[in-house]
Amino acid sequence: MALAEQVDFLVMGAGVAGLRAAVELADHGEVLVVTKESVAESNTHYAQGGIAVAMEGRQDVALHLEDTIGAGDGLVYRPAAKALVTEGPLRVAELIEWGAQFDREGGRLLRTREGAHSLPRILHANGDATGAEISRALVVFARAHPGIQFAEWTTATGLVVADGRVLAADLLDRDGTLRRISARAVLIAAGGAGQVYSDTTNPSVATGDGIALAAQAGAELADMEFYQFHPTALSLTGAPRFLLSEALRGEGAYLRNDAGERFMGRYHPLLELAPRDVVARAITREGMGERPGEARLVHLDMRHVRGVDLHQRFPGISAVLARYGLDLQRDLIPVRPAAHYLMGGVRTDLDGRTSLRGLYAAGEAACTGVHGANRLASNSLLEGLVFGARAAQSMLADALLCVAVEAPRPAAGPLTPEEEKRIEEIIAGLQHAMWNYAGLLREEATLREGIKAQESCAAALALFAQQREGKQGEGSRRLAEARALCHVAKAILLSGMARRESRGAHFRNDFPDRDDANFLKHSVLRRDQRIDFERW
Ligand SMILES: Cc1cc2nc3c(=O)[nH]c(=O)nc-3n(C[C@H](O)[C@H](O)[C@H](O)COP(=O)(O)OP(=O)(O)OC[C@H]3O[C@@H](n4cnc5c(N)ncnc54)[C@H](O)[C@@H]3O)c2cc1C
């Protein structure tokens, strides 16, 4: 019997969480970091505004904790938030020592403010390219370590489980070769799932693979109904849903409706710096026309901002806008919300352990409860650093041994062009259904429509499987992604149906109020698709 290859630690994902974990693990064994495209293609790479961190001592940390808890609308798991804000300063100091260069003036780190933060505490790099700098620094540092190997352009397509323990993962490379790698411990750091929606700020790799693979292996998911929609993505026909960072509002941008009115005063006392879900819903409502489907433009306005050179402060955003003939200093910028960040994910304890032995999760793919029902802006890069390191520490502490497993059968061949086309149609149908039925404003009837669309997606994918029967082993990255999206969509829909209240990023037209008596709890999606609500 041919056996699978072995490494000590397998890390699925090369964003901030996976890389930080890999660095922690590398002194103790061989680490393989797998990433679907190049190491630079991740949500981390596209993060603009910055990383929130309280580096000014105890009072600063206490305020960061309160802001995080406040944004999460009653559901933040306090011990997780405490770990985030207290360990954050050390993790960021380490990152600086390893070479990350944040913006400074006269040697002092510059800080900006974003929505729902009581103080300016967001560090940024190259103006609005913070994620790219963090990713660059971590990749350089990790590549210099002889214990870390990278497998780029490689997609994890399955987990091997026996007796409740994850033993190995299947990896499909660019040439269609399927390898099985067994490991002492596997970390899911495969990021979010913005691609489940037709409108998203996330890059194409964000298809929720890690979450789906963990769930299919039997791990519990939590809080999947909470998808954060960023209020201000560029809204121009033919342009990508490019993110216009919250830092623009931190520097004084106003939101105006098509009548030119600065409308946020009607929605929240913090105006444009209100929590994201409030701003996103306000923009959606202001953007609704008289008739169904009719849209009115909402704009971001920085024309009045003085004392800041907007092109220098936001060079990346300015360059993208210039491609469309727009200028922050001169023009109104059309915006509308887009799916941005998943608060839910693979349920973990504070140390990254999932409900399956040998399987750990960190970063956007994980749910520690740190964000509750709504993430505080710029807390997720910090989450990746803090919980990436913590997950690695528990992977070491658990000291599991590698178990030999059988090598996989060869992968099925690539899809034909017709099959590729069909898969793209299925994915697009699902994405539009999720946007229309499980987006910013949901209700029982729309969620039921969403379930119907998800079921027809699942049926179409099952038909594919039948047609490719006998050719075991995933041969197409896109097919694997379609399956993952379909799985994640179902988790969002079921969790959204179960939470019959409105809280944080989850807004139900039919239950517009918060219902603490019944729902001041986290939703947990079990292996058998049952949803339980638990107080953590
Ligand atoms: C446009 C944008 C702007 C943002 N701005 C900010 C900000 O200013 N501040 C902030 O704190 N947060 C911001 N965020 C959110 C933040 O960037 C992410 O939440 C965070 O970077 C997630 O890190 P991660 O390591 O968990 O996952 P990611 O950085 O998304 O990395 C996931 C990795 O997993 C890999 N992967 C996925 N599936 C597979 C598979 N099947 N097999 C192998 N590899 C796989 C991917 O290739 C990638 O390497 C922003 C997000 C976006 C999209």
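Whatever order the structure lists ligands and atoms in, that order sets their numbers, starting from 1.
- Among protein heavy atoms, the minimum distance from atom 25 (O) of ligand 1 is reached at A17 N, 3.0 Å.
- At a 4.0 Å cut-off, not a single heavy atom of G210 sits close enough to ligand 1 to count as contact.
- Shortest contact from atom 15 (C) of ligand 1 to any protein heavy atom: S380 OG, 3.3 Å.
- Near G50, the atoms of ligand 1 lying under 4.0 angstrom from a non-hydrogen atom of the residue are 7 (C), 8 (O), 9 (N), 10 (C), 11 (O).
- For ligand 1, the atoms sitting less than 4.0 Å from at least one non-hydrogen atom of N379 are 11 (O), numbered in the order shown with element in parentheses.
- Using a cutoff of 4.0 Å between basic side-chain nitrogens and carboxylate oxygens, D67 and R121 are scored as salt-bridged.
- Using a cut-off of 4.0 Å between Lys/Arg side-chain N and Asp/Glu carboxylate O, E383 and R375 are scored as not salt-bridged.
- Under the 4.0 angstrom criterion for non-hydrogen atoms, V39 is not in contact with ligand 1.
- Of all the atoms in ligand 1, the ones that sit under 4.0 Å from a non-hydrogen atom of D209 are 38 (N), 39 (C), 40 (C), 41 (N).
- Regarding atom 19 (O) of ligand 1, its nearest protein heavy-atom neighbour is E364 OE1, 2.7 Å.
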Extract all donor-acceptor atom pairs below 3.5 Å that involve side chains of residues 208-217 and protein atoms in other chains or at least two apart in sequence.
{"unit_1": "D209", "atom_1": "OD1", "unit_2": "T207", "atom_2": "OG1", "d": "2.5"}
{"unit_1": "D209", "atom_1": "OD2", "unit_2": "K36", "atom_2": "NZ", "d": "2.9"}
{"unit_1": "Q216", "atom_1": "NE2", "unit_2": "H487", "atom_2": "ND1", "d": "3.4"}

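- For the pair L243 and ligand 1, the shortest N or O to N or O distance does not fall below 3.5 Å.
- Taking any N or O of M12, backbone or side chain, none lies under 3.5 Å from an N or O belonging to ligand 1.
- A salt bridge links E5 with R179: at least one charged nitrogen is closer than 4.0 Å to a carboxylate oxygen.
- For ligand 1 and T155, the ligand atoms under 4.0 Å from any heavy atom of the residue are 41 (N), 42 (N).
- Of the protein's non-hydrogen atoms, the one nearest atom 11 (O) of ligand 1 is L381 N, 2.9 Å.
- Under the 6.0 Å distance and 45° angle rule, R143 counts as a cation-pi partner of F150.
- Residue contact check: G49 has heavy atoms under 4.0 Å from atoms 8 (O) of ligand 1.
- Residue T35 has at least one heavy-atom neighbour below 4.0 Å for each of these atoms of ligand 1: 44 (N), 47 (O), 49 (O).
- Here the two rings, on F229 and Y341, have centers that are 6.0 Å apart or farther.
- Checked against a 3.5 angstrom limit, the closest N/O atoms of Q48 and ligand 1 fall inside it.
- Contact check on E30 versus R184 returns no salt bridge, with no Lys/Arg side-chain nitrogen under 4.0 Å from an Asp/Glu carboxylate oxygen.
- Of the protein's heavy atoms, A190 O, 3.3 Å lies nearest to atom 37 (C) of ligand 1.
- When the options E41, H124, K36 are ranked by their closest heavy atom to atom 48 (C) of ligand 1, first place goes to E41.
- Counting atoms of ligand 1 from 1 in the listed order, those under 4.0 Å from a heavy atom of Y341 are 19 (O).
- With respect to atom 20 (C) of ligand 1, the closest heavy atom belonging to the protein is T44 OG1, 3.9 Å.
- Closest heavy-atom contact between S355 and G218: OG-O, 4.2 Å.
- Annotation: A14 places an N or O atom under 3.5 Å from an N or O atom of ligand 1; distance criterion only.
- For ligand 1, the atoms sitting less than 4.0 Å from at least one non-hydrogen atom of A189 are 32 (C), 33 (C), 34 (O), numbered in the order shown with element in parentheses.
- When the heavy-atom distances from atom 42 (N) of ligand 1 to G363, A212, A156 are ranked, the shortest goes to A156.
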